[in-house]
**Student:** 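The structure's right below; bear with me while I get my questions together.
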Amino acid sequence: MSSELTYDTTAQVDVIEGEAVSTPPGSADGMGCHGGAAEMEAAARSAGKSEILDQFAKDYPQGPHDKPQSMCPAFGSLRVGLRMRRVGTVLSGSACCVYGLTFVSHFYGARRSVGYVPFNSETLVTGKLFEDIRDAVHEMADPERYDAIVVTNLCVPTASGVPLRLLPDEINGVRIVGIDVPGFGVPTHAEAKDVLAGAMLKYARQEVEAGPVMAPVSGVSDRPTVTLLGEMFPADPLGIAGMLAPLGLAAGPVVPCREWRELYSALDSQVVAAIHPFYTSAVREFQAAGRTVVGSAPVGHDGTAAWLAAIGEAYNVPAAKVAEAQNAFLPAIKGALASVPINGTITLSGYEGSELLVARLLIESGADVPYVGTACAKTPWSAHDLEWLEARGVKVKFRASLEDDCAAMEAIQPDLAIGTTPVVQKGKELGIPSLYFTNLISARPLMGPAGAGSLGQVVNAAMANKERMSHMREFFEGVGTADTAGVWEGAPNLRPEFRAQNLKKLERAEKARLAANGGVKC
């Protein structure tokens, strides 16, 4: 008589049943994740993932177009997990996706391995993939190495309904956090950071509600703290701490955190500063814990004055004390802005979530910023920055597409374009000096006196390259583009009729393949 060996009681849990599928969604062979957003979402809903997708739609509203052009959103949550000490990471998805994500994560400095649970059509359809994930997590769950293990479903496992909710909450004292981060549900990798941050905060909040938890390694602050929500340049939290000190307050942890126990400290703060306004899931957990959330940030003269006043009001700090803090820092900020003035027109776009803050700093430095595009959605925590910018004639585009950003740059012809890689590439092709937002703008302090003059030098240096860009454009004039790129002794033989004929063949082959595959794109 044989008996089944089980690790836990997941076999006794009621499973949400969906419509049966004969092959994994998105692919005839189960290995692809590019079957089209509509098909993948429909498959996920039929597999019992409607609740998760509805929450994504509420937290990260899309439109007016489907979504911004972003790298795989799962990179955001992957990066958050890899930056946390004693946290293991497991990915479940197509091999090509996992390869790309791990490559990019190591490019950005990750120094640890990423777990991977492979699958095929059979393991997806039969549910064996979930069993493989469960076995892998049990094997990894060593409390000597990990405080938590994060398991992430990518597109195909999410569309197939792989139920990470059935994983045990903890194994051998190691917390198990399962999340779905499908490209057809989470619009940007910035917002995917919020998916994991929110999931971890929810777990930590439930731990706190259940009883005493471990104190953070750094100890407990002797003053009330303000948790800072959003990834920042390392000097910014220190600068914010200095501005909070005259109010009798201290800076709390930065969420996403660097270790699990910091989550308890983050929840312990009575006030949370949504420095980056798109952390909707994290804000929901803080509000569930009864915390007050304050938007905007101490950026520039006006931003710092308003932010200190808002924090003081949230903590019932006397007005005289708030005015004392403002008087201590605002003159220094004004002096720093005046010391490195920016004189020129700048278009600004990015996907970090801090675009509105950077625009405020540029404008207070003297720049004309007619257009700001951000890949993130509009939220209540960006309302104050939006109002300030619009009052100064700035066109702010939420969920901006690449086409939006490029069209604004081409129409305005700025002295400098700050944006994503393709925007910068397009700008340089047009002879417009351009700076990559993520590497050259985000990698600088923005808050308080330290941030006030931080952008002037790099921005002015870039704008001074206008003549050089024009010279380079003139130098390369005539070398051709696209099919005619390069130097030709005569006109190249393009034969457009061959291209049109081949395109028709490809279209016929695609129609035949779709018909044979039941209309499923892959």
Side-chain angles (χ1 to χ4, degrees), residues 51-52 54-56 58-60 80 84 147-148 169-170 175 177 179 191 193-232 237 240-241 243-245 247-298 306-319 321-322 353 377 379-384:
E51 184 178 352
I52 291 173
D54 289 343
Q55 189 63 61
F56 284 156
K58 183 178 178 181
D59 287 346
Y60 319 115
V80 166
M84 291 185 69
D147 291 328
D169 291 334
E170 62 89 21
R175 303 161 186 85
V177 181
I179 59 174
E191 288 156 317
K193 297 176 185 177
D194 177 48
V195 173
L196 181 52
M200 287 186 162
L201 281 167
K202 182 176 183 179
Y203 198 121
R205 179 172 62 81
Q206 291 171 343
E207 286 184 304
V208 171
E209 291 171 351
V213 293
M214 296 179 69
V217 175
S218 58
V220 179
S221 174
D222 58 351
R223 291 171 290 167
T225 58
V226 177
T227 291
L228 307 177
L229 188 54
E231 290 184 309
M232 289 173 278
I240 291 175
M243 289 185 283
L244 290 173
L247 301 179
L249 306 174
V254 176
V255 177
C257 297
R258 291 304 183 95
E259 65 178 62
W260 187 269
R261 280 192 276 180
E262 286 183 354
L263 293 166
Y264 306 139
S265 297
L267 289 163
D268 195 44
S269 298
Q270 293 300 312
V271 175
V272 178
I275 303 295
H276 287 190
F278 60 83
Y279 281 86
T280 314
S281 176
V283 165
R284 184 168 58 249
E285 295 306 320
F286 283 119
Q287 290 178 329
R291 306 307 182 233
T292 300
V293 181
V294 175
S296 194
W307 189 82
L308 288 174
I311 294 295
E313 181 182 355
Y315 258 125
N316 295 318
V317 177
K321 211 167 189 179
V322 172
T379 73
W381 321 115
S382 59
H384 184 73

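Any value given below was found using the heavy atoms of this structure, including those in side chains, with hydrogens, waters and symmetry copies removed.
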**Student:** Which class fits the ring pair Tyr264 and Trp260: parallel under 30°, tilted 30 to 60°, perpendicular over 60°?
**Tutor:**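 Plane angle over 60°, so perpendicular.
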
**Student:** Quick one: CZ on Arg284 to NZ on Lys58, what's the gap to the nearest 0.5 Å?
**Tutor:** 7.0 Å

**Student:** Can you check whether Asp59's main-chain N or O pairs, donor with acceptor, with Thr280's side chain at less than 3.5 Å?
**Tutor:**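 Such a contact is found between Thr280 side chain and Asp59 backbone.
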
**Student:** I need the Phe286 CZ to Leu267 CG distance, nearest 0.5 Å.
**Tutor:**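 It is 5.5 Å, given to the nearest 0.5 Å.
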
**Student:** Could you check whether any side-chain heavy atom of Met84 comes within less than 4.5 Å of a side-chain heavy atom of Glu259, counting everything from C-beta outward?
**Tutor:**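 Counting from C-beta outward, Met84 and Glu259 never come under 4.5 Å.
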
**Student:** Can you name the closest pair of heavy atoms from Val254 and Gly230 and give their distance?
**Tutor:**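 Heavy atoms of Val254 and Gly230 come nearest at CG1-O, 3.4 Å.
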
**Student:** Quick one: does any side-chain atom of Arg205 pair with a main-chain N or O of Ala289 as donor and acceptor, under 3.5 Å?
**Tutor:** no

**Student:** Would you check if there is a donor-acceptor pair between the side chains of Tyr203 and Asp169 at a distance under 3.5 Å?
**Tutor:** no

**Student:** Could you check Trp307 against His384 for side chain to side chain contact (heavy atoms under 4.5 Å, CB included), going step by step and ending with a plain yes or no?
**Tutor:** CA-CA 10 Å; Trp307 189 82; His384 184 73; over 6 Å; no

**Student:** Identify the two heavy atoms, one from Gln270 and one from Tyr315, that lie closest to each other, and give their separation to 0.1 Å.
**Tutor:**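 Taking Gln270 first and Tyr315 second, the nearest heavy atoms are N-OH, 3.3 Å.
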
**Student:** Would you check if the side chain of Thr379 reaches a backbone N or O of Phe278 as a donor-acceptor pair within less than 3.5 Å?
**Tutor:**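 No; zero donor-acceptor contacts below 3.5 Å.
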
**Student:** Just wondering, do Tyr279 and Pro256 contact through their side chains at under 4.5 Å, heavy atoms?
**Tutor:**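 Answer yes - side chains close enough.
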
**Student:** CG/Asp268 to CG/Leu263 distance, rounded to the nearest 0.5 angstrom?
**Tutor:** 12.5 Å

**Student:** Heavy atoms only: give me the nearest Glu191-Ala377 pair and the separation to one decimal.
**Tutor:** OE2-N, 3.9 Å

**Student:** Which heavy-atom pair separates Leu308 from Val322 by the least distance, and what is that distance?
**Tutor:** O-CG1, 4.0 Å

**Student:** Any donor-acceptor pair under 3.5 Å linking the side chain of Arg291 with the backbone of Ser269?
**Tutor:** yes

**Student:** If you take all heavy atoms of Ile179 and Ala199, which pair is closest and at what distance?
**Tutor:** CG2-CB, 3.7 Å

**Student:** Between atom NZ of Lys202 and atom CD of Glu207, what is the distance when rounded to the nearest 0.5 Å?
**Tutor:** 13.5 Å

**Student:** Work out which heavy atom in Pro253 is nearest to a heavy atom in Ala266; give both atom names and the distance.
**Tutor:**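 Closest pair (atom of Pro253, atom of Ala266, distance): CG-N, 3.6 Å.
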
**Student:** Any side-chain heavy-atom pair from Val272 and Val283 closer than 4.5 angstrom?
**Tutor:** no

**Student:** Is there a donor-acceptor pair closer than 3.5 Å between any side-chain N or O of Thr225 and the backbone N or O of Gly252?
**Tutor:** no

**Student:** Walk me through whether Val226 and Leu244 qualify under side chain to side chain contact (heavy atoms under 4.5 Å, CB included).
**Tutor:** CA-CA 9 Å; Val226 177; Leu244 290 173; 4.0 Å; yes

**Student:** Around atom CD of Glu313, are there more than 12 heavy atoms of other residues, nucleotides or ligands at under 6.0 Å?
**Tutor:** no

**Student:** Are any non-hydrogen side-chain atoms of Met232 and Ile275 less than 4.5 angstrom apart?
**Tutor:**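 Heavy-atom side-chain distance check passes, below 4.5 Å.
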
**Student:** Got a donor-acceptor contact below 3.5 angstrom from the Asp147 side chain to the Arg175 backbone?
**Tutor:** no

